[in-house]
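Below is one structure, written out as structure tokens, with a few remarks after it.
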Amino acid sequence: MGIFKWFRGKKNLDSARPVPRHIAVIMDGNGRWAKKRGMPRPAGHAVGAETFRTIATYCKDIGVQYFTVYAFSTENWKRPAEEVNALMDLFRKYLTEAAETMAQRGVAVRVLGDLSPLPGDIRKQIAEVDEIADSLGENAATASLCINYGGRDEIKNAVRAIVDEVQKGKLLPENIAEDTISAHLYTAHMPDPDLIIRPSGEIRTSNFLLWQSAYSEYYFTDVLWPDFSTTDMDKAIDEFNRRTRRFGGV
Ligand code: FPP
């Protein structure tokens, strides 16, 4: 499989840079960014949300088909209520904006995760955004926010759903394939990420896309997420393009 399989850079006219089909980001370092400036942590998240807008737009413009970010983990509920509430408000604001603009921008916004503990108004917004995304057709780029997402939680839920199908006689255990598991994850409708970026100097996966990242390339940088620029994205893509992906072959 040649590298040009990922080249969708029609609009990136000043660059011959092939782009990955699916880029995912762990948006880390917002708290430290705020602390360095003597600001409260939510201020870092607010700037991080702006960075998300900039980078998601850039990804779409250079032809990345899927852009997925880790916005709130199943463990983030442990943070102070003020911080959790501030994040929920950022989601409300973005979802309002998405509902108004996604059709015109040709970007399908999706929210991935266990949505059941989210406030009812946000769940309603997500349902509305989902409906618009469904209407956009296959050519739309997809921007996904992982909210109340945990990789282990996602796999546990997939196992439960599969067991349920087996118990109802809809599926034979010997017919459970890797694809069966993929099809029961929140990401069922998208390819696995080619490139996963973690800014802020932390070098771990933190329960993000555990199943889907089996063959992803990782890129780590010390830049804090609020400072992450389109130039940083270009660097990550250049590094990705220098790697040889063998998918277990030679
Ligand atoms: C991790 O950094 C980041 C989060 C837990 C939240 C990320 C969320 C956003 C950037 C806002 C998303 C909103 C939209 C609309 C996309 P951290 O706070 O743990 O950073 P630290 O390690 O420096 O403390």
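All ligand and atom numbering here is 1-based and tracks the order in the structure. We count residues from 1, following the sequence as given.
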Query - Within the protein, residues bringing a heavy atom under 4.0 Å of ligand 1, chain by chain - result: Met27, Asp28, Gly29, Asn30, Gly31, Arg32, Arg41, His45, Gly48, Ala49, Phe52, Ala71, Asn76, Arg79, Leu87, Leu90, Phe91, Tyr94

Query raised in the report: With sequence neighbours excluded, what pairs up with Thr57 under the side chain to side chain donor-acceptor pair (under 3.5 Å) test?
Result: none

Requested in this report: Indicate whether the side chain of Gln65 and that of Thr142 have a donor and an acceptor atom separated by less than 3.5 Å.
Outcome: no

Report task. Not counting sequence neighbours, which residues clear side chain to side chain donor-acceptor pair (under 3.5 Å) with Asp179? List them please. Result -> none

Requested in this report: Validate the cation-pi geometry between Arg37 and Trp33: distance from NZ or CZ to the six-membered ring centre under 6.0 Å, angle to the ring axis within 45°.
Outcome: yes

Query raised in the report: Between the side chains of Asp234 and Tyr58, does any donor sit under 3.5 Å from an acceptor?
Result: yes

Report task. Please name all residues satisfying salt bridge (charged side-chain N to carboxylate O under 4.0 Å, His left out) with Arg110, sequence neighbours left out, ordered by chain then number. Result -> Asp130, Asp134

